[in-house]
Enquirer: 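Quick one: this structure, given as structure tokens, is what I'll be asking you about.
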Amino acid sequence: MTVATDPIAELRSAVSRAALALRDGEPTGPEPTLERPPKAELGDYSSNAAMLLAAPLGENPRDVAARLSAELSEQLGPDTVDRIEVAGPGFVNLFLADPWYRRAMASLASAGETLGPIPVTSPERILVEFVSANPTGPLHVGGGRHAAYGDSLVRLLEAVGHEVQREFYVNDAGGQIGRFAASIAARMRGEEIPEDGYEGAYVAALGERIAAEGIDPTDLEAVGSRGIELILEGVRGTLDRFGVRFDNWFSERDLYSRGEVDAALAQLDQQGHTYRSDEALWLRTTTFGDDKDRVLIRANGEPTYLAADVAYHWDKLERGFERLVDILGADHHGYVARLHAAIAGLGADPERFEALIMRLVHIVESGERAQMSKRSGDFVALDELLDDIGVDATRWFMLWRSHDTTVDLDVELARRQSNDNPVYYVQYAHARIASILRKAAAEAGEVAVGAGVETSDTALEPTERELIKRLLEFPGEVREAAERRAPHRICTYATAVAADFHGFYRDCQVLGAEGEGVERSRLALALLTKRTIAGGLGLLGISAPERM
RNA sequence: GCGCCUGUAGCUCAGUUGGAUAGAGCGUCGGUCUACGAAACCGAAGGUCACAGGUUCGAAUCCUGUCAGGCGCGCCA
């Protein structure tokens with residue numbers, strides 16, 4: 001197996017070497033950047049190395065840049081660099097030669113289908129817990145955003161080499177379960193829903209079903225358990241349809257039945273972080289930066305949600321996960337500090353715990369925001385949205401914004417199967433390429449990208465160069481998106497790839513292109529683009545259709 | 001009151017571990033189908049990057065303060 005050199009890394013290290021040479025081998029401060037300049041006239045890649053060196057050398061940045069350029073020209077040679085210019089305050093701008101581009105294509109081709117996302121240096125065993133919606137009602141669109149985000153994040157983390165599991169925490173214990181059972185039982189008996197009960201139409205449907213199964217409405221335990229089971233069946237079905245599969249469904253009840261809550265409390269006690277006051281058992285979370293201490297066992301002897309959650313996270317750590325990622329709704333962000341404190345209190349490194357806060361999704365139709373409240377039953381079910389706009393559009397619109405910002409999902413836009421809909425833009429580029437490749441295959445057999453991409457000596461068009469540079473960004477984008485827990489970056493990137501492809505397609509005839517090896521080279525570029533788009537969409541859990 | 005988050009084009013948002021003339025989609029206006037998919041492309045209009053200071057060669061990005069909005073501040077989950 002041949003390992004093609006990374007063409008970007010090659011340039012980067014040349015810049016570093018040149019910078020080092022100017023300092024007579026004495027190490028400099030920050031690594032110089034190598035980035036795409038804002039405008040094409042400013043070259044293919046550009047470095048701030050001269051500006052960084054100017055201060056320690058005590059020279060004018062532009063003079064340093066001039067020397068750096070000379071050094072770089074010599075190092076890289078005409079086979080890589082066409083010319084180097086100094087611009088602005090002292091940027092060194094590289095204009096690359098076609099042979100470099102052809103080597104870059106060969107490098108992409110040799111990376112194969114995966115296009116070689118850069119692995120992290122220290123892979124971790126990570127548990128990502130997400131959705132974890134209370135099993136008291138169908139999944140709504142907010143849960144759908146959690147699902148899309150969590151799932152895509154896991155795909156990203158796996159792509160860069162982490163070992164990751166998806167987990168759904170089922171809150172099947174506690175007060176809201178009692179209210180849920182009481183609400184179902186009330187419906188079964190034809191009574192009013194109690195105060196603080198669940199009022200959705202699905203509660204009545206559950207009641208009918210449970211009654212038909214012969215369960216006694218006065219047996220709240222049985223009603224609640226069966227209700228949860230039925231809700232979870234539905235939630236599983238919705239998630240399955242959405243393409244989100246969990247490795248593990250973790251039951252809160254099991255924590256109690258296995259004695260893990262007691263064990264976790266004992267551990268906290270042993271570490272000296274608990275105390276009794278006002279009949280309750282408290283956790284001294286203020287030791288670890290929380291603004292007040294928190295109750296673990298109420299005065300009435302009932303454990304709090306926190307007690308179970310401490311046990312749950314203790315369990316995660318015991319299972320050997322090196323990093324615990326919790327995706328939480330914005331309304332739970334106040335909870336993070338105490339959980340952080342609790343993990344520290346158990347004696348674990350709290351840095352291993354990472355809470356990601358998800359903000360809301362608003363469904364917008366005719367300029368109106370639909371409200372979502374599970375208690376009142378007035379919410380938009382994820383299933384409804386999937387019926388309306390489909391899985392791909394739903395995932396796209398839930399992922400294309402940072403998790404840290406509210407999403408307004410305009411269903412009228414998402415519903416359109418037309419050129420206004422940004423979802424299809426990327427998919428269309430993929431389908432268009434597939435169509436070209438089908439035609440090429442029909443005429444001359446399967447298209448291959450391996451050999452031959454380097455041989456043509458016809459000059460590349462500017463849009464071909466743009467596209468190649470864009471494709472080269474893929475591994476870095478994936479790594480960045482994973483590190484920053486930011487799947488939406490992949491949406492942005494995929495859109496850019498599609499735009500660059502359309503530009504290339506506009507300017508460059510592919511099939512029947514004139515010139516020695518030009519058609520072959522362009523077909524290879526089209527195929528590499530197709531792989532990149534499919535790779536990007538795959539990380540988002542969105543299909544890459546051959547036809548639309 | 002305290003804490004966290006947010007404030008970028010008409011709308012919804014990218015860009016935020018400091019880089020050059022701040023971008024995309026939608027919306028508006030105008031062009032392009034006799035070559036490989038017009039679900040596309042090209043062009044125009046549209047900005048005090050909330051405001052005020054500061055740090056420096058350079059700030060949407062970092063620091064301080066102010067204003068505005070969201071969320072949280074339970075022996076609920």
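Quick note: numbers below take in every heavy atom, side chains included, and nothing from hydrogens, waters or symmetry partners. Note on naming: letters A, B, ... go to the chains in the order of the sequence lines (proteins, then strands), and numbering restarts at 1 for each one.
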Enquirer: To the nearest Å, how far apart are Glu480(A) CD and rG15(B) C1'?
Expert: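 Atom CD in Glu480(A) sits about 12 Å away from atom C1' in rG15(B).
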
Enquirer: With rounding to whole Å, what would you report as the distance between rG74(B) and rG10(B) at their C1' atoms?
Expert: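 Their C1' atoms lie roughly 43 Å apart.
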
Enquirer: Taking the C1' atom of each, how far is rA45(B) from rC29(B), in whole Å?
Expert: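 The same atom, C1', in both gives a distance of 8 Å.
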
Enquirer: So which protein N/O to nucleotides 19-23 of chain B N/O distances come out below 3.5 Å?
Expert:
residue, atom, partner, partner atom, Å
rA20(B), N6, Ser46(A), OG, 2.5
rA20(B), N6, Asn93(A), OD1, 3.0
rA20(B), N1, Asn93(A), OD1, 3.3
rA20(B), N1, Asn93(A), ND2, 3.1

Enquirer: From rU16(B), rC75(B), rU12(B), pick the nucleotide closest to the side chain of Arg489(A)?
Expert: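 Selected nucleotide (nearest to the side chain): rU16(B).
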
Enquirer: Once the angle between the rings of Trp400(A) and Phe397(A) is folded into 0 to 90°, is it parallel (under 30°), tilted (30 to 60°) or perpendicular (over 60°)?
Expert: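 Taking Phe397(A) first and then Trp400(A), their aromatic rings stand perpendicular (interplane angle over 60°).
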
Enquirer: Answer yes or no: does a side-chain N or O of Arg298(A) lie under 4.0 Å from OP1 or OP2 of rC76(B)?
Expert: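 So the side-chain polar atoms of Arg298(A) do come within 4.0 Å of the phosphate oxygens OP1 or OP2 of rC76(B), strictly under.
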
Enquirer: In whole Å, measure the gap between the P atoms of rA14(B) and rG25(B) for me.
Expert: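 After rounding to an integer number of Å, I get 16 Å for this pair.
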
Enquirer: Less than 4.0 Å between a side-chain N and a carboxylate O, is that true for Glu480(A) and Arg484(A)?
Expert: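 The answer is yes: the pair qualifies as a salt bridge.
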
Enquirer: Got a sec, which pairs hit salt bridge (charged side-chain N to carboxylate O under 4.0 Å, His left out) with one end in residues 487-512 of chain A, sequence neighbours left out?
Expert: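 Sorted pair list: Arg470(A)-Asp500(A).
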
Enquirer: Just how far, in rounded Å, is P of rU12(B) from CE of Met398(A)?
Expert: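 Those two atoms, CE and P, are 18 Å apart.
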
Enquirer: Excluding sequence neighbours, so at least two apart, what forms ring-ring contact (aromatic ring centres under 6.0 Å, His included) with His273(A)?
Expert: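 Once residues adjacent in sequence are excluded, the partners of His273(A) under the ring-ring contact (aromatic ring centres under 6.0 Å, His included) criterion are Phe288(A).
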
Enquirer: Asn300(A) or Thr495(A): which one's nearest nucleotide on RNA chain B is closer to the 5' end?
Expert: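 Checking each residue's closest nucleotide, the 5'-ward one belongs to Thr495(A).
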
Enquirer: Can you tell me, in whole Å, how much space there is between the C1' of rA59(B) and that of rG46(B)?
Expert: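 Approximately 24 Å lies between the C1' atom of rA59(B) and that of rG46(B).
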
Enquirer: Taking the C1' atom of each, how far is rG54(B) from rC71(B), in whole Å?
Expert: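 The answer is 30 Å between these two C1' atoms.
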
Enquirer: According to the Watson-Crick and G-U wobble definitions, with both distances under 3.5 Å, which nucleotide is paired to rC51(B)?
Expert: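 Across all strands, the one nucleotide that pairs with rC51(B) is rG65(B).
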
Enquirer: May I ask you to verify whether the side chain of His488(A) and the base of rA14(B) hold a donor-acceptor pair under 3.5 Å?
Expert: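 There is none.
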
Enquirer: With stacking defined as ring centroids separated by under 5.5 Å and planes differing by under 30°, is Tyr505(A) stacked against rC36(B)?
Expert: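 Stacked: ring centres under 5.5 Å, planes under 30°.
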
Enquirer: rG72(B) and rG15(B): how far apart are their P atoms, nearest whole angstrom?
Expert: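 Roughly 26 Å separates the two P atoms.
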
Enquirer: Distances for protein N/O vs nucleotides 1-7 of chain B N/O pairs under 3.5 angstrom?
Expert:
residue, atom, partner, partner atom, Å
rG3(B), N2, His333(A), NE2, 2.5
rC5(B), O3', Asp404(A), OD2, 2.9
rC5(B), O2', Arg359(A), NH1, 2.9
rU6(B), OP1, Asp404(A), OD2, 3.2

Enquirer: Would you kindly give the CZ-to-P distance between Arg506(A) and rU32(B), to the nearest whole Å?
Expert: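 Nearest whole value for this atom pair: 16 Å.
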
Enquirer: Under a 3.5 Å limit for both distances, which nucleotide forms a Watson-Crick or G-U wobble pair with rA45(B), could you say?
Expert: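 Across any shown strand, rA45(B) pairs with none.
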
Enquirer: Which residues satisfy the ring-ring contact (aromatic ring centres under 6.0 Å, His included) test with Phe130(A), sequence neighbours excluded?
Expert: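 Testing Phe130(A) for ring-ring contact (aromatic ring centres under 6.0 Å, His included), a comparison that skips the adjacent residues, returns Phe246(A).
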
Enquirer: Hey, does Ala299(A) reach any base, or is it just sugar-phosphate, or nothing, if we go heavy atoms under 4.0 Å?
Expert: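 Base contact.
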
Enquirer: Between rC13(B) and rG70(B), how far is it from one P atom to the other, in whole Å?
Expert: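 Between the two P atoms, the distance is 14 Å.
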
Enquirer: I want to check one thing: is the phosphate of rU16(B), taken as OP1 and OP2, less than 4.0 Å away from some side-chain N or O of Arg484(A)?
Expert: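 So the side chain of Arg484(A) is within the cut-off, an N or O lying under 4.0 Å from OP1 or OP2 of rU16(B).
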
Enquirer: Counting side-chain heavy atoms from C-beta on, which of rA77(B), rC13(B), rC41(B) comes nearest to Arg401(A)?
Expert: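 Side chain of Arg401(A) sits closest to rC13(B).
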
Enquirer: Would Glu129(A) and Lys316(A) pass as an ion pair if we require N to O under 4.0 Å?
Expert: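 Looking at Glu129(A) and Lys316(A), the cut-off is met.
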
Enquirer: Looking at Lys439(A), does any N or O in its side chain come under 4.0 Å of the phosphate oxygens OP1/OP2 on rG37(B)?
Expert: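 The answer is yes; a side-chain N or O of Lys439(A) sits under 4.0 Å from OP1 or OP2.
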
Enquirer: In whole angstrom, give the distance that lies between atom NE2 of His362(A) and atom C1' of rG69(B).
Expert: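 Spelled out: NE2 on His362(A) to C1' on rG69(B) is 13 Å.
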
Enquirer: Output the single nucleotide from rG37(B), rC13(B), rG72(B) whose closest atom is nearest the side chain of Ala431(A).
Expert: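 Closest nucleotide to the Ala431(A) side chain: rG37(B).
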
Enquirer: Between rC71(B) atom P and Met358(A) atom CE, what is the distance in whole Å?
Expert: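 Answer to the nearest Å: 17 Å.
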
Enquirer: For rG53(B) versus rG69(B), give the span between their P atoms, rounded off to a whole number of Å.
Expert: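 rG53(B) and rG69(B) have their P atoms separated by 24 Å.
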
Enquirer: Apply the syn/anti split at 90° from 0 to rC57(B) and say which one it is.
Expert: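 The base of rC57(B) is oriented anti (glycosidic angle more than 90° from 0).
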
Enquirer: Using atom types as modelled and distance alone, determine if a side-chain donor or acceptor of Glu477(A) lies under 3.5 Å from a backbone N or O of Leu472(A).
Expert: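 Checking the backbone N and O of Leu472(A) against the side chain of Glu477(A), no donor-acceptor pair under 3.5 Å is found.
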
Enquirer: Would you call Glu279(A) and Arg298(A) a salt bridge, using N to O less than 4.0 angstrom?
Expert: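 The answer is no: the pair does not qualify as a salt bridge.
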
Enquirer: Just to confirm, is there a sub-4.0 Å distance from OP1 or OP2 of rC41(B) to any side-chain nitrogen or oxygen of Tyr425(A)?
Expert: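 True: Tyr425(A) side-chain N/O within range (under 4.0 Å) of rC41(B) OP1/OP2.
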
Enquirer: Please round to the nearest 0.5 Å and tell me the distance separating atom OG of Ser47(A) and atom CG of Leu94(A).
Expert: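 Separation between the atoms: 7.5 Å.
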
Enquirer: Side chain of Tyr428(A) only, heavy atoms from C-beta on: which candidate in rC71(B), rC75(B), rA38(B) is closest?
Expert: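 Nucleotide nearest to Tyr428(A)'s side chain: rA38(B).
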
Enquirer: Using a heavy-atom cut-off of under 4.0 Å over every strand shown, decide if Thr492(A) touches base, sugar-phosphate, or nothing.
Expert: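 Here Thr492(A) touches the backbone only, sparing every base.
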
Enquirer: Is Glu483(A) touching bases, backbone alone, or none of the nucleic acid, heavy atoms closer than 4.0 Å?
Expert: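 Answer is nothing: Glu483(A) stays at 4.0 Å or more from every strand.
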
Enquirer: Assign the ring pair Tyr275(A) / Trp282(A) to parallel, tilted or perpendicular, where the plane angle (0 to 90°) is split at 30° and 60°.
Expert: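 Judged by the thresholds at 30° and 60°, the geometry between Tyr275(A) and Trp282(A) is parallel.
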
Enquirer: Using residues 55-63 of chain A as the side-chain source, report each donor-acceptor pair under 3.5 Å to any protein atom, sequence neighbours left out, with the distance given to one decimal.
Expert:
residue, atom, partner, partner atom, Å
Glu59(A), OE1, Arg67(A), NH1, 2.9
Glu59(A), OE2, Arg67(A), NH1, 2.9
Asn60(A), OD1, Arg62(A), N, 2.7
Arg62(A), NH1, Gly88(A), O, 2.6

Enquirer: Grab the CZ-P distance between Arg522(A) and rA35(B) for me, whole Å please.
Expert: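 Interatomic distance, CZ of Arg522(A) to P of rA35(B): 17 Å.
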
Enquirer: From the set rU16(B), rC13(B), rA38(B), return the single nucleotide nearest to any side-chain atom of Arg432(A).
Expert: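 Among the listed nucleotides, the one closest to the side chain of Arg432(A) is rA38(B).
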
Enquirer: From the list rC41(B), rA77(B), rC36(B), which nucleotide is the closest neighbour of the side chain of His502(A)?
Expert: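 That would be rC41(B).
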
Enquirer: Over how many whole Å does the gap from Asp410(A) atom CG to rC26(B) atom C1' extend?
Expert: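 Rounded to the whole Å, the gap is 8 Å.
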
Enquirer: Side chains of Arg432(A) and His502(A): do they bring a donor and an acceptor to under 3.5 Å?
Expert: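 On atom types as modelled, these side chains qualify, holding a pair under 3.5 Å.
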
Enquirer: rG74(B) P sits how many Å from Arg338(A) CZ, rounded?
Expert: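 Checked: the CZ to P distance equals 8 Å.
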
Enquirer: Taking Arg415(A) first and then Glu412(A), would you say they form a salt bridge - that is, a charged N and a carboxylate O separated by under 4.0 Å?
Expert: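 Salt bridge flag = no for Glu412(A) with Arg415(A).
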
